[in-house]
Amino acid sequence: MPNSRARPRRDAGGGAGAAGRNELVSRSLQSAEHCLGAQDFGTAYAHYLLVLSLAPELNDDVKETFQYTLFRWAEELDSLNRTQDLLGCYEQALELFPDDEVICNSMGEHLFRMGFRDEAAGYFHKAVKLNPDFNDAKENFYRVANWLVERWHFIMLNDTKRNTVYNAAIQKAVCLGSKSVLDIGAGTGILSMFAKKAGAHSVYACELSKTMYELACDVVAANKMEAGIKLLHMKSLDIEIPKHIPERVSLVVTETVDAGLFGEGIVESLIHAWEHLLLQPKTKGENGNCEKYGKVIPASAVIFGMAVECEEIRRHHRVGVKDIAGICLPENVKFQSPAYSSVDTEETVEPYTTEKMSRVPGGYSPLTECFEIMTVDFNNLQELKSLATKKPDKIGIPVTKEGTLDAIVVWFVLQLDEEHSLSTSPSEETCWEQAVYPVHDLADYWIKPGDHVMMEVSCQDYYLRIQSISVFGSEDEMDVGKSFTKNKDLLSVGNEAELCSALANLQTRQPDAVEQTCLLESTEIALLNNIPYHEGFKMAMRKVLSSLTPGKVCQAMDTHCQNNTVSCGSGQNNCEESSPEPFYVLDVSEGFSILPIIAGTLGQVKPYSSVEKDQHRIILDLICEANHFPKETLEFWLRHVEDESAVLQRPKSDKLWSIIILDVIEPSGLIQQEIMEKAAISRCLLQSGGKIFPQYVLMFGLLVESQTLVEESAVQGTERTLGLNIAPFINQFQVPIRVFLDLSSLPCIPLSKPVELLRLDLMTPYLNTSNREVKVQICKSGQVTAIPFWYHMYLDDEIRLDTSSEASHWKQAAVVLDNPFQVEMGEELVLNIQHHKSNVSITVKQ
């Protein structure tokens, strides 16, 4: 505890009032100290509030002790779920110390844990501005910057073609008479400034994000247009006339479109705009000044699609294995990714994922020609209103090439007016990604010329939905297919023999084999498909357990699944009964993991899983049952832990763990937060000879030239934004590290060979260094713009997992340099690597 001694200063003016105040302050300080000694942090906090309100001149003297008291009291309030009281304490503290970066950062951490990511990011950003060298705040800010200013803002503002075409369309509309403009979803305000520069008399712009609204205010002022553009911090749906804008406008400009066109709410906002904010549209053949009529930019859109084969999409959205390191996955368990969208869903969930198809690892193969899915006229109110209620359209597309049907890829052409358009096609150089609808629930995914891919298309809940995807084979006589998503599909099989066979299967299916659906993140599905990962862990765990007591580990557990066999997996009954005391194995991996079940195949082992979701626990139990594990084999650790934040504890008061599995690397490519602290606790909980997995991690990197990374990290000057001064403002929110990269398909030129940058040893901490220098030999001349990095995770000295391998469920990350520099082949550079908590900074020593 910091030194809490402080004494009120004598008031030079004297007087009874001052004396009384000093006495009260002095007694309150003594009471605060007494409460701290008794660990009564709430009362101590109240005393310090009184002291600081009566004697602000003591701020500097008691600041450190006040922080300590605040943080300890906040921990208590957090554990009691007294959220409002906790936030109130921080607000009081920030009134007293508005420029205290430590309190700002701590407030952000609490908000982030509560799920208020936007608000948390704002406090982290403020802490970094107050103290740019405050590493804790920098690390927090970098991790949540995407919620503050999403990365696509940088990519979009650097897209010169997009900016030029929008500017031309807006300029044309204003010149034709549309002099009053509303910009919906203004972002940085670039479209509003295009309109003002074109000569619009009145420009209004609305932006919901507080951060983006404040950013737009700064940008508009810097470009000397604050007098001509009225910025509104609100949704367009809440704008009222004349309360917010004086009258209806003649032009709405917006780019509230995502990869699936409708996902940012453009249909809903334009329906509201036509009904409440826009002048009436010009009817066909009607002449007259455009100022009297309303119109929208973009005017319309055409949505296109294409069926593709893509292994990368497949392994992230379909579990393609039935046996994982000797564990059989039961047939009645169906794993689905969040992008899966069933016909009967009532949830408003984005029914697609997004990919930059030109950069997807391994590429993709079109299996059909590109086809038109839908057109939409943004200047037709009735058409917009009918979109959400319209019955799904059925589409059948002929297959042109044989292959595995993995997804329907979707893009669109945005027609800004009759003359100007933008395409988000995979073949275009564009800032947009494409929407990807992974295909699920086919009996057979192999298609060939002569087949037709069938689907239903709708705009339910204002999302583009592509559902009921099936395949109509050339040999089939009915418009049905290979989709067996529901029992009713059995009536559509195509001929009597197949129907009889299907009915026979229905009758002979075990009555208790009820199908269970398990929703997993795409990275969790890719992990299940990562066979080397599971085989590596199985081998490493067996070696550790064998070394502890050789006879206790079953060696007969390599029996793989065979048709109708019951020997797959368990092996519990094959172990020597003379060794009743089991080995304890704890898996604290993030998300869904079958490693505890694999551990259970290795003999007299008591595995514990730390999965949190009830659905995941049910599925793990089903997998155990399918592999004939006794019911009590796998246990869920969180049921045994009173405080879920303190997962790392002894298995029993008198027992220790044989193996603890930690998640060291996030799927994004960064080191997990607080991993070294978790490793330190884990080492104290291991039995003699026990191990943490992985035992150590090596971080590798190389120097590259990549204009793509530069443009995705910061806005490049004023040329890209057509002379508007935006870069200095939005670049305040750039972060030095780009995550979720695929190094195998990243457009870049390697300028050096890979080098080892850092060692993180979870078992032997004295081998770790927080600061080291690494020499790098330049093997190709060029401009160094970034340093991508990845990891080799060593389960032991022989078993290694590579986070950059083709099978890896991990992505890679890269440090993007603020100031790229030229290098020549044969040069030698020195990199300085600093490791602070889970944050790694890489700088080039000049």
Below 30° counts as parallel, above 60° as perpendicular, anything between as tilted: where do the rings of [X] and [Y] land?
X: Phe112; Y: Phe124; result: tilted
X: Tyr437; Y: Tyr352; result: tilted
X: Phe693; Y: Phe537; result: perpendicular

Apply side-chain hydrogen bond (donor to acceptor under 3.5 Å, both in side chains) to Lys678 and list each qualifying residue two or more places apart in sequence or on a separate chain.
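With sequence neighbours excluded, Lys678 shows a side-chain hydrogen bond (donor to acceptor under 3.5 Å, both in side chains) to no residue whatsoever.
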
Presence of salt bridge, [Y] and [X], under 4.0 angstrom:
X: Glu312; Y: Lys811; answer: yes
X: Glu309; Y: Arg314; answer: yes
X: Glu712; Y: Arg359; answer: yes

Point-to-point distance, once rounded to the nearest 0.5 Å, from CD1 of Ile623 to CD1 of Ile598:
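One gets 10.0 Å once the value is rounded to the nearest 0.5 Å.
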
Between the side chains of Ser522 and His316, is a donor N or O closer than 3.5 angstrom to an acceptor N or O?
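No - no donor-acceptor pair under 3.5 Å links their side chains.
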
Looking only at heavy atoms, what is the nearest atom pair of Pro607 and Thr633, with distance?
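Taking Pro607 first and Thr633 second, the nearest heavy atoms are CD-O, 3.3 Å.
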
As a quick check of understanding, evaluate ring pair (Phe, Tyr, Trp, His ring centres under 6.0 Å) for Tyr463 and Phe262, giving each step before the final call.
CA-CA 5 Å; Tyr463 280 111; Phe262 303 129; 9.3 Å; no

Could you go through residues 588-597 and list every donor-acceptor pair under 3.5 Å that involves a side-chain atom there, pairing it with any protein atom two or more places apart or in another chain?
residue	atom	partner	partner atom	Å
Ser589	OG	Asp587	OD1	2.5
Ser593	OG	Asp587	OD2	2.7
Ser593	OG	Leu595	N	3.2

Results of ring pair (Phe, Tyr, Trp, His ring centres under 6.0 Å) for Tyr364 - residues two or more places apart only:
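With neighbours one apart ignored, the set is empty.
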
